[in-house]
2 protein chains.
Amino acid sequence: MAGQQESVIWMRPEQASVGRPAERSRAEITAAAVELADREGLEAVSMRRVASVLGTGAASLYRYVATRDDLLDLMTDSTAGEYDLPAPSGDWQADLLAIARQARQIMRRHPWLPTMVMGRPRLGPHGVDLLEHMLDVLADHPADAERKLEAFALVSGLTALFVQNEMAAEDSSAPRQSAYLRHVAAAGSHPRITALLAASPGGGNARDRFDAVLTRALTGVLG
Amino acid sequence: MAGQQESVIWMRPEQASVGRPAERSRAEITAAAVELADREGLEAVSMRRVASVLGTGAASLYRYVATRDDLLDLMTDSTAGEYDLPAPSGDWQADLLAIARQARQIMRRHPWLPTMVMGRPRLGPHGVDLLEHMLDVLADHPADAERKLEAFALVSGLTALFVQNEMAAEDSSAPRQSAYLRHVAAAGSHPRITALLAASPGGGNARDRFDAVLTRALTGVLG
DNA sequence: GGTGTTCGCGAACGACGTACGCGATAGGAG
DNA sequence: CTCCTATCGCGTACGTCGTTCGCGAACACC
């Protein structure tokens, strides 16, 4: 008859109703973890480091979170709270694009977020609000439920993919990446790649490319 | 005048030309790591576990690989060797779709691969062959170099995204995921989600949806 | 004021990635 | 055939990680 542990953190009560009150909150811990990840990357988010930022002991965090993965889920969902969700305009295409553009901005603010969204797509309270909003935007759209869920996943996933590529290109480790490509080109057995590297770095606005790809992909799902 | 360490593993020689010969090869170690990952997941691929599969000591692996991440790169690239790359047919759309379908099969064979492709897109020798092939398929296409690279990234990335979703849906942990959604629906403040869950699980062939999304997304990049 | 319950957290455990150093082992030179 | 020399295999060790245990401290309520 003992109450079984809820498997999802969002369904576990944050505080016990009796006993000594907690000194911190999940939100406080999440904020510290997010700030740490923004500054030093995801791998810097260890229980010990987060705890020391908060001026507490590592083991204390386990009063708020069952596992490190729970903390990561909290971080991801907290970023879903940064969206601005205005009422649907009637033009679902435009509304979805507006959401995607916000997603891109949010992910650029939190460089660890694309990895998270792609590798561990979990919905918390804020994520659920976002989904509800997208379903609202698509309320009059004739596609079935499955398609709309797919569209939701596509907006998150494609945006994460795009931002990750974008950042890898801006990153200082980019030369390392293309060093091998130049090596291959010099070897001569891959003429197309050789030709490719000879071409100018070219350009085109990143946002325009983002809009184009995303719009087309969405029409692939929603018709 | 000392030879500086090459930063990319593909440019470092596998064996020294003098001294005692190595007992194993990168390929052998990579194969062991891939098999381990296929069977027990990526997190099971630790230096100690891989070494014990090979019947050797953990420190020995560092004669073949500078770091664990190098080993992961080797694993990823080895799967790029599983493609069958026939000569271009003249129909680039069909050829690209054929590649993407193979990508999907390969990723389903190696459940850890989507994570790898999305989170750490590095090109090794096999990956380079694949890129060369795609450029060959697109040789007569009027798009510029940048677009073609983007198309390459899109095929890998979108396929990984799709397969990951597909597997999450088939996974036994799926009930856990939707448990919270049902909780939210029951709470009543998200009517669209409530309605969504009431709808039948629906269907539609996974491969057809994959083909549709990918084709549309590609036309978004390549016109 | 006593009681019941949770909280904070020092200490410890096992697993991890990786550096160091040394005996073992091979090919090439003589 | 012997010796030289460079690499190889790897036992050992260090620091960090996630997580558990247990206990004294701190509060809410009766």
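Residue numbers begin at 1 in each chain, while the letters A, B, ... track the order of the sequences.
Checking Arg68(B) against Pro21(B), the closest nucleotide of DNA chain C that is more toward the 5' end is the one next to Arg68(B). Residue-to-nucleotide proximity on DNA chain D shows that, of Ala66(A) and Gly19(A), the 5′-proximal contact is made by Ala66(A).
When distances are taken from the side chain of Ala16(A) to each of dC17(D), dT6(C), dT19(D), the shortest belongs to dT6(C). Closest approach to the Arg20(A) side chain among dC16(C), dA24(C), dG24(D) is made by dG24(D) (side chain taken as heavy atoms from C-beta onward). Residue Arg24(B) places its side chain closer to dC10(D) than to any other of dC10(D), dC8(D), dC9(C).
The closest side-chain heavy-atom distance from Thr159(A) to Phe210(A) is below 4.5 Å. With contacts defined as side-chain heavy-atom distances shorter than 4.5 Å, the pair Tyr83(B)/Asp129(B) does not qualify.
Distances shown here put a side-chain N or O of Ser46(A) below 4.0 Å from the OP1 or OP2 atom of dC17(D). Here Tyr62(B) does not reach the OP1 or OP2 of dG17(C): none of its side-chain N or O atoms lies under 4.0 Å away. Between Tyr64(B) and the phosphate of dG9(D), there is a side-chain N or O to OP1/OP2 separation shorter than 4.0 Å. Close to dG8(C), at under 4.0 Å from its OP1 or OP2, lies no side-chain N or O of Arg63(A). Applying the 4.0 Å criterion to OP1 and OP2 of dC7(C), one finds that Ser60(A) has every side-chain N and O outside that range.
Among the protein residues, Ala59(B) comes within range of the nucleic acid bases, having at least one heavy atom under 4.0 Å from a base atom. Within 4.0 Å (heavy atoms only), Gln15(A) reaches no atom of the nucleic acid at all.
Not a single donor-acceptor pair under 3.5 Å links the side chain of Tyr180(B) to the backbone N or O of Leu123(A).
Whole-Å rounding puts the Leu72(B) CG to dC16(C) C1' distance at 14 Å. Computed from coordinates, the Glu28(A) CD to dC7(C) P distance equals 15 Å when rounded to whole Å. The nearest whole Å value for the distance from the CG atom in Leu61(B) to the P atom in dC16(C) is 13 Å. We find that CD of Glu23(A) is positioned 12 Å from C1' of dT6(C), with the value rounded to whole Å. As a whole-Å value, the separation of Leu54(B) CG from dC8(D) C1' is 15 Å. With rounding to whole Å, Ile29(B) atom CD1 is found 12 Å from dC8(D) atom C1'. Rounded to whole angstrom, the span from the CZ atom of Arg48(B) across to the C1' atom of dA13(D) amounts to 10 Å. For the pair Asp69(B) CG and dC16(C) P, the computed distance is 16 Å after rounding to whole Å.
Ser78(A) and His126(A) make their closest contact through CA-ND1, 4.1 Å (heavy atoms, listed as atom of the first residue, atom of the second, distance). In plain terms, the two heavy atoms of Leu71(B) and Val65(B) that are nearest each other are N-CG1, 3.9 Å.
When Arg108(B), Arg209(B), Arg207(B) are each tested for a salt bridge (charged side-chain N to carboxylate O under 4.0 Å, His left out) with Glu166(B), only one passes: Arg108(B).
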Under a 3.5 Å cutoff on both atom distances, Watson-Crick or G-U, what's the dot-bracket for DNA chain C ([ ] crossing, | other strand)? ||||||||||||||||||||||||||||||
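Using a 4.0 Å cut-off between charged side-chain N and carboxylate O, Arg120(A) and Asp69(A) make a salt bridge.
Side-chain atoms of Asp38(A) and Trp112(A) form a donor-acceptor pair, as typed in the model, at a separation below 3.5 Å.
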